[in-house]
Amino acid sequence: MDTVIFRNVTIQDPKGPHHQHQADVVVLNGTIASVDGPEQAQAEGAVVIEGGHLSPGWLDLRVHLTDPGCEWKEDLDSLSQAAIAGGFTRVVTLPNTDPVIDNRGLIKSLIFRAEHLPIDVLPCGALSTGAAGSELAELYDMAQAGAVAFTDGLRSVNSPGLLLRALQYLKPFDGVLFNTPLESSLAPHAEIGESPTSMRMGLKGIPAIAEEMMLERDLKLLHYFPHRLHVGPITTAGGIEILRRTKADHPQLTIETSALYLLLDDRENTAFHSYTKVYPPLREKAAVNALRAAVADGLIDAISSSHHPQSIEEKKHDFPTAEFGAETLEVAFAAAWTGLRQAAVPLERLIAALTSGPRKVLKLPVQSIVPGAPADLTHFDPEAEWAVAKSDLRSKSRNNPLIGRTLTGRPQHVVAKGRLHVCH
C-alpha cells in the first residue's frame, strides 16, 4: 500500500467537516490517517504531493462498456486507465455489450474480470432481456450477484407497462431503475437535435419534446407507483423545467446530465464532424444555460461522462451515417468545469455532482475526507489550462470531440483501492 501526504491541499468535500479548508491529509495503508494531525511527521518515505484540491473519489454513473463483444473499441484495462486519467475511482457500466449483460452469470463474470483493475467497476444489469424492451430480465438474481442498477442503456424504456412492472418488481429489494428519456419514435433515423441549426444543415432532427414527453410519462408512472427512478442524461431546457416543477413531489427521483451538454451546443455540429454526433444529441445554447443553472441550484444530482467509445471505422463517415458516441472519460471533469465556470457555478456544485450525488443515486455510503475513512480520493487542479491532445487519451478509441480545445481544470492523482495513481 502507498503512504501519501497531500500537503497544503484545499479540501473539496461538500458533505464533510473540512470542506474548503486547507490542510495536510495523510494516507497510510489505504486509510486516511489524519487531516492536519500528528501522524504526518511519522510517515517517513511517503510520497509528498504539494498543493491543489482534494475531494472524495469521483464516481461516473454512465460508461458504455464494449467488453465483451467489441474489445477493439475498449476493454476493461483500457477503460480503467481512461478512468484514472479522468480522475475517476469508480465507474458504473451500462449493460449494452455483446452479449447483453442480462443475467446473473454475466454480472458475476464482469465483477470477476474487473477485480484486478486499479479502479472499481460497478455493473448495471439490463432491465429487459437482451435490452430489447419486451420482457423483464432476471433483476433480483442480478442484484444478488452485484448489479448496482438496472437499465437498457441508450435504449429507452418505450413501454409504459414494462416500466411500471419494473418499478413494482424492484421495490421489494430496493433496486434502482435508470432510464434515458427519449421517445425515439418521434424522430426515427434522426442524426441531430432539432433546431434552426439542424434545418440549416439539412439533417433530420430529434425534437426536444422527445425527451419531455417521456419525462412526463415517467413522472406520471412514478406518481402512481413511487419507487427509485433515475433519469438522464437530461439535455433540454423543457426537460429541466418539467423536473424543476415536479422533483419535490418525487423524493426518490434522481437526475443526471453529462459533461458535454454543459459545454457544447448544437452549433458544434455545423462542421459536420462525426465526433460531435452523440446520443442524446447536443442541443441549443438555451438548453446548455438551463443545464448549468440546474447544476448551480442542485436540481441535477449527478454529472456523468457518457463515455461511448467507437472505432475509426464507425466514425470515419459522413455525419448522417456515422455512429453516435464520444470518448469522454479523460475530459469529463474539464469539460463540465469549463462550461460551468462560464456561468459562475461554484466548484463545490460540480464536486457534489461527481461524489455525493452519484453515491446518493446508488445509495452508497457518503464518503468524506476524515480520519479513519477509506482512502478513495481525487486530487485535482481547477485552474489548470490544457489543450486536449490525442496523447492525453488512454482509451483505445479516439472519437473525442474536444481534441485541440483548451479546457480548464484537470485531475492530477487518484487514490483508488489503496494505491496512488498519476492521472497524466
Side-chain angles (χ1 to χ4, degrees), residues 9-23 25 32 35 52-62 83 86-92 120 122 148-149 176 178 228 230-234 240 243-244 247-248 251-263 290-306 332-370 373-374 376-383 408-411 414-416:
V9 292
T10 299
I11 295 174
Q12 295 290 342
D13 183 10
K15 295 291 185 180
H18 304 291
H19 180 49
Q20 297 185 337
H21 292 177
Q22 280 196 321
V25 178
I32 298 172
V35 179
H53 292 236
L54 190 69
S55 76
W58 300 344
L59 195 167
D60 188 348
L61 284 179
R62 187 170 299 267
F88 294 98
T89 62
R90 296 182 178 189
V91 297
V92 175
D120 288 313
L122 309 177
V148 297
V176 60
F178 285 17
R228 295 171 64 197
H230 178 69
V231 293
I234 302 302
I240 289 297
L243 291 165
R244 193 180 302 284
K247 188 180 183 184
Q252 292 179 295
L253 175 71
T254 52
I255 303 165
E256 169 197 344
T257 194
S258 298
L260 283 186
Y261 306 118
L262 296 167
L263 178 64
L291 290 167
R292 291 172 178 175
V295 175
D297 64 19
L299 179 73
I300 288 175
D301 298 286
I303 297 172
S304 64
S305 72
S306 281
F333 169 75
W337 181 226
T338 302
L340 292 172
R341 278 168 61 104
Q342 294 173 11
V345 178
L347 177 61
E348 65 180 336
R349 289 297 192 184
L350 173 57
I351 298 305
L354 295 171
T355 57
S356 58
R359 286 176 170 83
K360 169 188 169 185
V361 172
L362 299 178
K363 283 196 173 180
L364 296 177
V366 174
Q367 191 163 352
S368 286
I369 299 176
V370 293
D376 187 87
L377 303 166
T378 300
H379 174 247
F380 63 100
D381 181 354
E383 302 299 326
T408 302
R410 198 171 193 186
V414 298
V415 178

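Throughout, numbering of the chain's residues begins at 1 and tracks the sequence.
Of all heavy-atom pairs spanning Trp337 and Pro382, the tightest one is NE1-O, 3.0 Å. Taking both residues in full, the closest heavy atoms of Thr378 and Gly57 are given as OG1-CA, 3.4 Å, listed atom of the first, atom of the second, then distance. Nearest heavy atom pair, residue Lys247 against residue Gly298, reads NZ-O, 4.1 Å. Taking both residues in full, the closest heavy atoms of Leu362 and Arg228 are given as C-NH2, 3.6 Å, listed atom of the first, atom of the second, then distance. When all heavy atoms of Ala149 and Phe178 are compared, the closest pair comes out as CB-CE1, 3.6 Å. For the residue pair Val35 and Ala23, the shortest heavy atom distance occurs at CG1-CB, 3.9 Å.
For the pair Val414 and Trp58, the minimum side-chain heavy-atom distance is 4.5 Å or more.
Atom NZ of Lys15 sits in a sparse spot, with 12 or fewer heavy atoms from other residues, nucleotides or ligands closer than 6.0 Å.
A salt bridge links Asp376 with Arg359: at least one charged nitrogen is closer than 4.0 Å to a carboxylate oxygen.
We find the CG-OG distance between Asp60 and Ser258 to be 8.0 Å, quoted to the nearest 0.5 Å. Rounded to the nearest 0.5 Å, atoms CG (Leu243) and CD1 (Ile300) are 8.5 Å apart. Distance CD1/Ile369 to CD1/Ile32: 6.0 Å, rounded to 0.5 Å. In this structure, Thr89 OG1 and Gln367 CD are separated by 7.0 Å, a value rounded to the nearest 0.5 Å. For the atom pair CD1 (Ile303) and CD1 (Ile255), the distance works out to 12.5 Å, reported to the nearest 0.5 Å. In this structure, CG on Asp13 lies 9.5 Å from CG on Leu377, to the nearest 0.5 angstrom.
When the side-chain hydrogen bond (donor to acceptor under 3.5 Å, both in side chains) test is applied to Thr254, the partners found at least two apart in sequence or on another chain are His230. Residues that satisfy the side-chain hydrogen bond (donor to acceptor under 3.5 Å, both in side chains) test with Thr257, not counting sequence neighbours, are absent from this structure. Scanning for side chain to side chain contact (heavy atoms under 4.5 Å, CB included) contacts around Ala335 gives Ala259, Leu263, Leu402, with sequence neighbours left out. With sequence neighbours excluded, no residue satisfies side-chain hydrogen bond (donor to acceptor under 3.5 Å, both in side chains) with Gln20. Residues passing the side-chain hydrogen bond (donor to acceptor under 3.5 Å, both in side chains) test with Gln12 are His53, sequence neighbours excluded.
The one candidate from His21, His18, Gln22 that meets the side chain to side chain contact (heavy atoms under 4.5 Å, CB included) condition with Thr10 is Gln22. Exactly one residue among Leu122, Val92, Val91 makes a side chain to side chain contact (heavy atoms under 4.5 Å, CB included) with Leu61. That residue is Val92.
Counting only distance, with no hydrogens or angles, the side chain of Thr408 and the backbone of Thr338 share no donor-acceptor pair below 3.5 Å. No side-chain donor-acceptor contact under 3.5 Å links Ser305 to the backbone of Ala332. In this structure, Arg244 contributes its side chain and Leu299 its backbone to no donor-acceptor pair below 3.5 Å.
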With a cut-off of 3.5 Å and sequence neighbours excluded, list every side-chain donor-acceptor pair involving residues 346-354.
residue: Glu348; atom: OE1; partner: His19; partner atom: NE2; Å: 2.7
residue: Arg349; atom: NE; partner: Ala296; partner atom: O; Å: 2.8

side-chain contact (heavy atoms from CB on, under 4.5 Å) between Arg410 and Asp381, intermediate numbers included: CA-CA 5 Å; Arg410 198 171 193 186; Asp381 181 354; 5.6 Å; no

